[in-house]
Protein chains: 2
Amino acid sequence: MKSKIKIILADDHAVLRAGLKLLLNNEPDFIVVGETSDGEKVLALLEELTADVLIIDLSMPNMGGLECIKEIKSRGYPIKILVLTMYEDEQYIKEAMRSGALGYVEKHAVDTELFIAVKTVNMGQRYLNPHNSQLLLNSLLTNTPKESADDPYTLLSPREREVLKYMVRGYSMSQTGKMLCLSVKTVDTYKTRMMEKLGLTEKSQLVDYALKYDLLPAKSE
Amino acid sequence: MKSKIKIILADDHAVLRAGLKLLLNNEPDFIVVGETSDGEKVLALLEELTADVLIIDLSMPNMGGLECIKEIKSRGYPIKILVLTMYEDEQYIKEAMRSGALGYVEKHAVDTELFIAVKTVNMGQRYLNPHNSQLLLNSLLTNTPKESADDPYTLLSPREREVLKYMVRGYSMSQTGKMLCLSVKTVDTYKTRMMEKLGLTEKSQLVDYALKYDLLPAKSE
DNA sequence: ATTAATGTAAGATAAATTCCTACATTATGA
DNA sequence: TCATAATGTAGGAATTTATCTTACATTAAT
């Protein structure tokens, strides 16, 4: 009988950590040997015990996940690192992978994907979320530090973004035009171009897009 | 032997949900009878099954937690609502409590606190994170004894809110009409009535209003 | 039982959007 | 560096949408 994969959990949400621990311990192949909510304490833990895989959240107090990963690598611990986070921000993933993480799983993922990811990185192989792997591998390999493929700050021109912000807030084209001292026609052009660039056909999709990229103002109380 | 407390889980992070489910099911007093990652599906679930407590995350796709809570209340489901979130933003907590949540637990909390919270709200009593309870109780009691005068759930009719949601998401009147199987004219009437009720003159003000009251869907990653 | 609110919708008119085209002015890549 | 793509700007005509007004049946409330 082969031995279980020893896991350390690092996530600052205690109740979720507890659930995750149970989830993993419930599987015959895994055993959680340590857990912590704090980046610095991860390093302390590694002094005390050995484990095969570290499942780490990028956002933790004291020492962020990224920093922690770098430190682990620079100290030469042989532990495999699997990043578990809710951001699917490509920037973060790339940074984490470059820093020495072997794999990346979103919190949105289901349990089975987590299990597979743990096993994969435990074998020393990379694991990337299927959704991101294509893009990521490309951008990791080509080493182009450009932002995510549909990021508004790379895809849309400044003026277009400006117009977008007004439009999605319910301003009509003419109103937007007035706000920005542009002809309605110009606003129209921007809108058309944005739709083309983003491959959209409905105004509501533009709103979705703006929502996705936080282009709407924060809730004002 | 008294029956277990039936729980529905609503959190968009599947792997965490799985852990949480195991954590709760592991306790003799609880049983998770349903789970979902989506605000709208919470409502669908409530149609299908009955449960005692809904544990809900505030940030979910399609329909944010706040909106979802309000809708549950407006539909009159007797389920007790416990908010589980990582934000310790007082504003959010207040809003959630005002909207009808009975309790609030941070994801940072340990499992035992979660258990206590579930039991507390199940009895119909409020549960507030010890850290926040002081502040909150105060501001809940002093600052807002009344439903805020322009709350959409007191001012607007259900159908009006429905229409509003589509309109502010960039759907045209005709599109909204199609979505809701209404004549454009009917949609028009609702819009006009809402504007009158709220004393607004511009569509953009409607969007602001929706933004203020979380009537837009949460950012979908 | 009468009024107020709600859910529904049509017609005529006014306004906004769409589609196509156009043209300087930068960037930018070959 | 020279062609080409991207950007910022806008007009006209055709079409779609929105607005304003009015209407009516059904509940909810007083």
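As the structure is a prediction and not an experimental result, all values here were calculated from the model. Every chain is numbered from 1 and lettered A, B, ... according to where its sequence line falls, protein lines coming before strand lines.
- Between atom CG of residue L58(A) and atom CG of residue D12(A) there is a gap of 11.0 Å, rounded to the nearest 0.5 Å.
- Remark: K21(B) NZ is loosely packed, at most 12 non-hydrogen atoms of other residues, nucleotides or ligands lying under 6.0 Å away.
- Side chain R159(B) to base dT27(D): no donor-acceptor pair is found below 3.5 Å.
- You won't find any donor-acceptor pair under 3.5 Å spanning the side chain of S157(A) and the base of dA6(D), going by distance alone.
- With sequence neighbours left out, A101(B) forms a side chain to side chain contact (heavy atoms under 4.5 Å, CB included) with I69(B), I81(B), V83(B), A96(B), M97(B).
- DNA chain D forms stems at C:1-30 with D:1-30, each a run of 3 or more consecutive Watson-Crick or G-U wobble pairs whose two key distances fall under 3.5 Å.
- For Y77(B), there are no ring-ring contact (aromatic ring centres under 6.0 Å, His included) partners at least two apart in sequence or on another chain.
- Note on ring orientation: taking the six-membered ring where Trp is involved, the planes of Y171(B) and Y166(B) are perpendicular (angle over 60°, cut-offs 30° and 60°).
- With rounding to the nearest 0.5 angstrom, the CG atom of L114(A) is 10.5 Å from the NZ atom of K119(A).
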Distances under 3.5 Å only, N/O to N/O: pair up the protein atoms with those of nucleotides 14-18 of chain C.
unit_1  : atom_1 : unit_2  : atom_2 : d
dT17(C) : OP1    : M173(A) : N      : 3.2
dT17(C) : OP2    : M173(A) : N      : 3.0
dT17(C) : OP2    : S174(A) : N      : 3.4
dT18(C) : OP1    : K191(A) : NZ     : 3.0
dT18(C) : OP2    : K191(A) : NZ     : 2.6
dT18(C) : O4     : K185(A) : NZ     : 2.8

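- In this structure the side chain of C68(A) reaches within 4.5 angstrom of the side chain of I56(A), judged on heavy atoms.
- With rounding to the nearest 0.5 angstrom, the CG atom of D188(A) is 11.5 Å from the OG1 atom of T176(A).
- Between T186(B) and dT8(C), a side-chain N or O to OP1/OP2 separation shorter than 4.0 Å is absent.
- Atom CD of E162(A) is separated from atom C1' of dG8(D) by 13 Å (rounded to the nearest Å).
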Dump the pairs, protein N or O against N or O of nucleotides 3-5 of chain C, anything under 3.5 Å, distances to one decimal.
none

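- Atom CD of E160(A) is separated from atom P of dA6(D) by 11 Å (rounded to the nearest Å).
- We find that CD of E202(A) is positioned 9 Å from P of dT17(D), with the value rounded to whole Å.
- Side chains of E71(B) and R161(B) form a contact here, defined as non-hydrogen atoms less than 4.5 Å apart.
- Sorted by first then second residue, the salt bridge (charged side-chain N to carboxylate O under 4.0 Å, His left out) pairs that include residues 195-204 of chain B, not counting sequence neighbours, are E160(B)-K197(B).
- In terms of heavy atoms, L82(B) sits closest to V105(B) at CD1-CG2, 3.9 Å.
- We find that CG of L182(B) is positioned 16 Å from P of dT6(C), with the value rounded to whole Å.
- Atom pair R193(A):CZ and dA5(D):C1' shows a separation of 11 Å (rounding to whole Å applied).
- Remark: Y190(A) is not in phosphate contact with dT7(D), judged by side-chain N or O atoms under 4.0 Å from OP1 or OP2.
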